[in-house]
Amino acid sequence: MTILDGKALSAKVKSEVKQEAIRLKNSGIQPALAVILVGEDKASQTYVNSKEKACNACEIRSIMHRLPENTSENELLALIDVLNLDDSIDGILVQLPLPKHISEQKVIKSISPFKDVDGFHAINTGNLVSGIDGFVPCTPLGIMRMFSEYGIDLTGKLACVIGRSNIVGKPMINLLLNANATVIATHSKTKDLSLLTKQADILVVAIGKPHFLTSDMVKDGAVVIDVGINRLDNGTLVGDVDFENVKEKCSFITPVPGGVGPMTIAMLLNNTIKSAQNRLNKAK
Ligand code: GUN
């Protein structure tokens, strides 16, 4: 059994990002990411702080907008408009979830697809489904990078995705399909889930329930990817996979923490660099 080391791989991706950021800077393009956080959600504050720190460490300029909870939808849309039109900014990220009085759909739609480094805009979703180049959501993209880095071939494999969120499950399903896997899309309403998971060569679990995937649901030799980040009442951080028992059956497995999580931010930086490269190519 091999543990997929997301911490080490994310450090490698970040060092590539930093090198490319310096090269772009020397060509007159300073890669820049604008991050917007609305409100005081503690988890979101932590994520946004990590994104800012990662940018700083990789020579990417970060422009932070921390807005109060009572920011109106129109104020937020107006700020996004300004950032859309600012040629010095390559990426725009609005941290989700947003306060209830703001429509996430409207906000996502308002971000220029060319600066949508989260890959959430319908244009980028469509590009992904059609196999056209565009921005791909960071968590599933990071998982694909793990597969390639560890030489895990997906062609003809039976992959089972548990969870159908727009951020992870749905893009993951499409990335696996584009990589020639046969994909089962399962979710909280799926009947007889373990009959499906037991057949899978690759399992991606993104359902947000601690220790949801148990060893009886896993085939011998499977690759198990745990996207879950759940905080138990005693404060410990656990994934959606019962790691200690499931690991015995796996060929590869991601730990929590130190697996998928660190890859997400690394791929956000990677997407920002990709956008800056597009800016340089346009300027040529
Ligand atoms: N909230 C949880 N994950 C994400 C993410 O990947 N991007 C944004 N913008 N918000 C999130």
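Note that these values count all heavy atoms, side chains included, but never hydrogens, waters or copies made by symmetry. Every number for a ligand or one of its atoms is a count from 1 in the order of the listing. We're numbering straight along the sequence, starting at 1.
Considering backbone and side-chain N/O atoms, L96 comes within less than 3.5 Å of an N/O atom of ligand 1. Residue Q95 places at least one N or O, backbone or side chain, under 3.5 Å from an N or O of ligand 1. For the pair D118 and ligand 1, the shortest N or O to N or O distance falls below 3.5 Å. Taking only nitrogen or oxygen atoms, main chain and side chain alike, L93 does not reach within less than 3.5 Å of ligand 1.
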- Q277 and E20: side-chain hydrogen bond (donor to acceptor under 3.5 Å, both in side chains), yes or no, with the steps? CA-CA 9 Å; Q277 286 166 337; E20 183 60 10; 2.9 Å; yes
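If you run side chain to side chain donor-acceptor pair (under 3.5 Å) between N124 and each of D116, D118, D133, only D116 comes through. Screening V256, I229, L237, N230 for a side-chain contact (heavy atoms from CB on, under 4.5 Å) involving P210 leaves a single residue, N230.
By the 4.0 Å N-to-carboxylate-O rule, K12 lies too far from D5 to be salt-bridged with it. Ionic pairing of E16 and R145 is present here: one or more N-O contacts between side-chain nitrogen and carboxylate oxygen are shorter than 4.0 angstrom. Ion pairing of D201 with K219 is present here, as a side-chain N (NZ or NE/NH1/NH2) and a carboxylate O approach within less than 4.0 Å.
Contacts of F120 with ligand 1, taken as heavy-atom pairs under 4.0 Å, involve the side chain alone.
Near V94, meaning under 4.0 Å from any of its heavy atoms, are these atoms of ligand 1: 8 (C), 9 (N).
In terms of protein heavy-atom proximity, atom 3 (N) of ligand 1 is nearest to I167 CD1, 4.1 Å.
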